[in-house]
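Worksheet: the structure to be examined is printed underneath.
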Amino acid sequence: MPVSREVYSVKVQMILACIPVIDLWAAYRIEKLRVWILLWIGMFFVGFMVGSTGEDIAGTVIGFLIGLGAALFLMRYLTMEWNRKISEDYKKF
């Protein structure tokens with residue numbers, strides 16, 4: 001099923017990036033689902049390394065904050081890149 005080629009709001013995309021599972025849909029909309037799944041895998045490994053003891057709540061919180069910050073930054077960057085690409089395609093016509 002192809003993605004509709006339209007400009008998406010960066011703010012809405014960043015909000016969607018904070019909601020588990022819905023963030024996959026947001027990444028799909030800008031055709032970056034593979035990158036987003038790689039981010040999930042990376043966050044899993046970072047969380048595993050930071051909170052390897054399982055008893056340290058601070059490690060879990062730090063892992064969550066690192067993952068959330070990375071997700072927000074990446075979604076903002078990818079959405080702005082998508083919007084720029086769509087705008088350039090419309091200028092050609």
Side-chain angles (χ1 to χ4, degrees):
M1 199 160 116
V3 177
S4 62
R5 313 240 342 136
E6 60 185 73
V7 175
Y8 295 109
S9 169
V10 175
K11 291 179 184 179
V12 171
Q13 288 286 98
M14 288 178 66
I15 290 170
L16 293 176
C18 296
I19 304 170
V21 181
I22 303 297
D23 61 341
L24 294 173
W25 175 64
Y28 173 76
R29 287 173 29 164
I30 58 173
E31 295 180 352
K32 296 295 181 181
L33 184 59
R34 290 180 188 164
V35 173
W36 201 257
I37 290 173
L38 287 175
L39 174 72
W40 270 39
I41 293 169
M43 287 189 320
F44 172 76
F45 284 120
V46 167
F48 182 73
M49 297 302 242
V50 171
S52 60
T53 61
E55 297 176 9
D56 188 18
I57 211 95
T60 304
V61 170
I62 290 171
F64 174 76
L65 292 177
I66 290 171
L68 183 63
L72 290 174
F73 175 78
L74 187 62
M75 185 58 74
R76 175 176 162 71
Y77 174 76
L78 292 175
T79 303
M80 290 171 69
E81 181 181 293
W82 171 263
N83 289 342
R84 186 180 69 246
K85 185 172 80 171
I86 295 300
S87 297
E88 289 174 0
D89 288 347
Y90 282 136
K91 287 180 184 177
K92 289 180 183 178
F93 296 111

Which heavy atom of Ala17 sits nearest to which heavy atom of Ala71, and what is that distance? CB-O, 4.4 Å
Is it the case that more than 12 heavy atoms not belonging to Arg76 sit under 6.0 Å from its CZ atom? no
Find out if a path of hydrophobic residues (ILVMFWY) with successive side-chain heavy-atom gaps under 4.5 Å connects Phe64 to Phe73. no
Hey, any chance Ile37 and Tyr77 share a hydrophobic cluster, counting ILVMFWY side chains that come within less than 4.5 Å of each other, even indirectly? yes
CD1 of Ile30 to CD1 of Ile86, rounded to nearest 0.5 Å, is 10.5 Å
Verify same cluster id: Ile15, Met80 (apolar side-chain graph, 4.5 Å): no
Once you round to the nearest 0.5 Å, how far does OG of Ser9 lie from CE of Met14? 10.0 Å
How long is the gap from NZ on Lys11 to CG on Leu16, to the nearest 0.5 Å? 14.0 Å
Is there a chain of hydrophobic side chains (I, L, V, M, F, W, Y, each step under 4.5 Å between heavy atoms) that links Met43 to Leu33? yes
Tightest non-hydrogen contact, residues Val21 and Trp40, listed as N-CZ2, 4.1 Å
So, taking the atom named CZ in Arg5 and the one named CH2 in Trp82, what distance separates them when rounded to the nearest 0.5 Å? 4.0 Å
Once rounded to the nearest 0.5 Å, what's the spacing between atom NZ of Lys85 and atom CG of Leu78? 10.5 Å
Output the distance between atom CE (Met75) and atom NZ (Lys32), rounded to the nearest 0.5 Å. 11.5 Å
Using atom types as modelled and distance alone, determine if a side-chain donor or acceptor of Asn83 lies under 3.5 Å from a backbone N or O of Glu81. no
